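The residues of the chain are indexed from 1 along the displayed sequence. Keep in mind that what you see is a predicted model, and the values were worked out from it rather than measured.
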Amino acid sequence: VVLLLLTFKVLYPAHVHLSRGNHETLNMNKVYGFEGEVKHKYSAQMFNLFTEVFHVLPLAYCLGEEVLVVHGGLFSRDDVTLDEIRAVDRRREPPDEGIMSELLWSDPQPAPGRAPSKRGVGLSFGPDVTANFLERNGLKLVVRSHEVKDAGYEVEAGGKLVTVFSAPNYCDQMGNKGALLRFDSNCDYVVKQFEAVPHPTHVRAMQYAGGMGGLFGL
C-alpha cells in the first residue's frame with residue numbers, strides 16, 4: 001500500500017499529498033506489524049529506508065487555503081498558527097509533548113475545553129478549541145483520522161471537523177466501513193464509503209504484529 005502511494009506521489013506530485021500519522025513512527029511500526037512485515041518480505045535496510053521517508057512526511061497540509069488536514073488533532077494552546085506548524089522540525093521521531101506530538105495523537109471530544117487523552121499522549125479538545133483555531137488561522141474545516149468509526153467517518157464540532165478513517169475492518173477485527181472525502185474546487189466535500197475485501201486466507205490476521213496490547217484505535 002505505501003509503495004503504491006509513493007508511486008502515485010512520483011507520478012502526480014502536484015495532486016497527491018501524503019501526511020504523517022502516529023503509525024509512521026518506530027514504536028507503532030513494531031507493535032502493529034509494519035516493521036515485521038517489511039523485514040520478512042524485504043530486509044532491515046528496506047525498513048530503515050521507510051523510516052527515513054516517514055521522517056520527511058509533512059505533519060499537516062492545507063487544502064485550498066480552507067481545510068487543514070492532519071492525522072490526529074489540535075493543540076494544548078489556543079494561539080498555534082499555521083506558520084508555527086510549518087516551523088516544526090519533523091525529521092525525527094515525535095517527542096512526548098508539544099505541537100508535533102499533538103498533531104499526531106490528539107482527538108476531538110464533544111465537551112468544550114480540553115482534557116487529558118485516554119491514549120496517554122496528545123489531548124482531547126472540544127468544539128470550541130476547533131472553532132477558535134479555524135477562526136485564528138482563516139480556515140473553515142479540520143479533517144483528521146486516528147480513530148476507528150463504524151461508518152468510516154464522523155462529522156463533529158458543528159460541521160467544523162470531520163474524522164475520516166479509510167481502513168475498513170481495522171486490524172481484521174473491528175467490522176467498520178472505510179471512507180474517504182472527495183472535495184470539489186470550492187472545498188466542499190462528499191463522502192464515499194466502502195467495505196473491506198476478504199482477508200487473504202494464507203496470512204492470519206495481524207501476523208506480523210509485535211504484541212497488540214490494548215491499542216485498537218490508535
Checklist entry - Which one of Trp105, Phe54, Tyr32 satisfies the ring pair (Phe, Tyr, Trp, His ring centres under 6.0 Å) criterion with His23? => result Tyr32

Item to check | Within 6.0 Å of CZ in Phe8, more than 12 heavy atoms from elsewhere | outcome: no

Checklist entry - NZ/Lys39 to CD/Gln45 distance, rounded to the nearest 0.5 angstrom? => result 12.5 Å

Next on the checklist: So Arg86 and Val88, do their side chains get closer than 4.5 Å, heavy atoms only?
Outcome noted: no

Checklist entry - Should the pair Glu93-Arg20 be classified as a salt bridge under the 4.0 Å nitrogen-to-oxygen rule? => result yes

Checklist entry - If you count the non-hydrogen atoms of other residues, nucleotides and ligands that lie under 6.0 Å from OH in Tyr42, is the total more than 12? => result no

Checklist entry - What pair of heavy atoms forms the shortest contact from Asn169 to Gly175, and how long is it? => result OD1-N, 2.8 Å

Checklist entry - Hey, is the main chain of Glu35 close enough, under 3.5 Å, to the side chain of Asn29 for a donor-acceptor pair? => result no

Item to check | Basic-acidic side-chain contact under 4.0 Å: Asp188, Lys140 | outcome: yes

Item to check | Heavy-atom closest contact (Ser106 atom, Arg144 atom, distance) | outcome: O-NH2, 3.1 Å

Checklist entry - Does Glu135 reach the side chain of Lys160, with side-chain heavy atoms less than 4.5 Å apart? => result no

Item to check | side-chain contact (heavy atoms from CB on, under 4.5 Å) assessment of Glu156 paired with Thr163 | outcome: CA-CA 8 Å; Glu156 302 173 72; Thr163 296; 3.2 Å; yes

Checklist entry - Hey, quick one: are Leu181 and Tyr61 part of the same hydrophobic cluster, counting side-chain heavy atoms closer than 4.5 Å, chains of contacts allowed? => result yes

Item to check | Evaluation steps, ring-ring contact (aromatic ring centres under 6.0 Å, His included), between Phe165 and Tyr153 | outcome: CA-CA 6 Å; Phe165 198 84; Tyr153 77 103; over 10 Å; no

Checklist entry - Considering only heavy atoms from C-beta outward, does the side chain of Val80 approach that of Asn137 to under 4.5 Å? => result no

Next on the checklist: side-chain contact (heavy atoms from CB on, under 4.5 Å) for Val16 and Leu5? Distances and angles first, verdict last.
Outcome noted: CA-CA 8 Å; Val16 175; Leu5 292 172; 5.9 Å; no

Checklist entry - Is it the case that one hydrophobic cluster holds both Leu59 and Val70, taking links as side-chain heavy atoms less than 4.5 Å apart, direct or via other members? => result yes

Item to check | Atom pair CZ/CE of Arg92 and Met100 - distance to nearest 0.5 Å | outcome: 5.5 Å

Item to check | Minimal non-hydrogen separation, Pro127 against Pro110, with atom names | outcome: CD-O, 3.5 Å

Checklist entry - How about Phe75 and Phe125: are their ring centres within less than 6.0 Å of each other? => result no

Item to check | CG-CD distance between Leu161 and Glu154, expressed to the nearest 0.5 angstrom | outcome: 9.5 Å

Item to check | Test ring-ring contact (aromatic ring centres under 6.0 Å, His included) applied to Phe50 and Phe34, step by step | outcome: CA-CA 10 Å; Phe50 275 120; Phe34 183 74; 5.2 Å; yes

Next on the checklist: Hydrophobic clusters here meaning ILVMFWY residues chained together by side-chain heavy-atom distances under 4.5 Å, can you tell me if Val164 and Leu57 are in one?
Outcome noted: no

Next on the checklist: Count I, L, V, M, F, W, Y as connected when their side-chain heavy atoms are under 4.5 Å apart, and connections chain through other members. Are Val38 and Leu26 then in the same cluster?
Outcome noted: yes

Next on the checklist: Could you measure the distance from the CG atom of Asp150 to the CE atom of Met174? Nearest 0.5 Å is fine.
Outcome noted: 8.0 Å

Checklist entry - Is Asp172 paired with Arg204 through a side-chain N to carboxylate O contact shorter than 4.0 Å? => result no

Checklist entry - Is the count of non-hydrogen atoms from other residues, nucleotides or ligands lying under 6.0 Å from Asp96 atom CG greater than 12? => result no

Checklist entry - Under 4.0 Å between a Lys/Arg side-chain N and an Asp/Glu carboxylate O for Asp78 and Arg114? => result yes

Checklist entry - Please walk me through it: do Asp107 and Ser117 pass side-chain contact (heavy atoms from CB on, under 4.5 Å)? => result CA-CA 7 Å; Asp107 298 291; Ser117 172; 4.2 Å; yes

Item to check | Exceeds 12 heavy-atom contacts within 6.0 angstrom, atom NZ of Lys192 | outcome: no

Next on the checklist: For the CD atom on Glu65, are there more than 12 heavy atoms of other groups (residues, nucleotides or ligands in this structure) within a distance under 6.0 Å?
Outcome noted: no

Checklist outcome for this item: On a heavy-atom basis, the closest approach of Gly159 and Leu141 is O-CD1, 3.4 Å

Next on the checklist: Run the side-chain contact (heavy atoms from CB on, under 4.5 Å) test on Phe133 and Leu82 for me, step by step, so that the C-alpha distance in whole Å, both residues' side-chain angles and the decisive distance to 0.1 Å come before the verdict.
Outcome noted: CA-CA 10 Å; Phe133 174 83; Leu82 295 180; 4.2 Å; yes

Checklist entry - Mind checking whether Phe194 and Lys177 have side chains closer than 4.5 Å, heavy atoms only? => result no

Checklist entry - Is the number of heavy atoms from other residues, nucleotides or ligands under 6.0 Å of Arg182 CZ greater than 12? => result no

Checklist entry - Closest heavy-atom contact between Gln193 and Ala151? => result NE2-O, 2.9 Å

Checklist entry - In terms of the angle between their ring planes, are Phe183 and Tyr189 parallel, tilted or perpendicular, with boundaries placed at 30° and 60°? => result tilted

Item to check | Separation of Ser43 OG from Leu49 CG (nearest 0.5 Å) | outcome: 7.5 Å

Next on the checklist: Could you check whether any side-chain N or O of Asp128 sits under 3.5 Å from a backbone N or O of Thr130, counting only pairs where one atom can act as donor and the other as acceptor?
Outcome noted: no

Checklist entry - Any idea which heavy atoms bring Ser101 and Pro95 closest together, and the distance? => result CB-O, 3.4 Å

Checklist entry - Any sub-3.5 Å donor-acceptor pair from Asn176's side-chain atoms to Gly152's backbone N or O? => result no

Checklist entry - How many angstroms lie between CG in Leu139 and CG in Leu68, if you round to the nearest 0.5 Å? => result 6.0 Å

Checklist entry - Do Leu180 and Val191 belong together in a cluster built from hydrophobic side chains that touch within less than 4.5 Å? => result no

Next on the checklist: If only side-chain N and O atoms count, and only distance matters, is there a donor-acceptor pair under 3.5 Å linking His71 with Asn22?
Outcome noted: yes

Checklist entry - Quick check: are there more than 12 heavy atoms from other residues, nucleotides or ligands sitting under 6.0 Å from CD of Glu84? => result yes

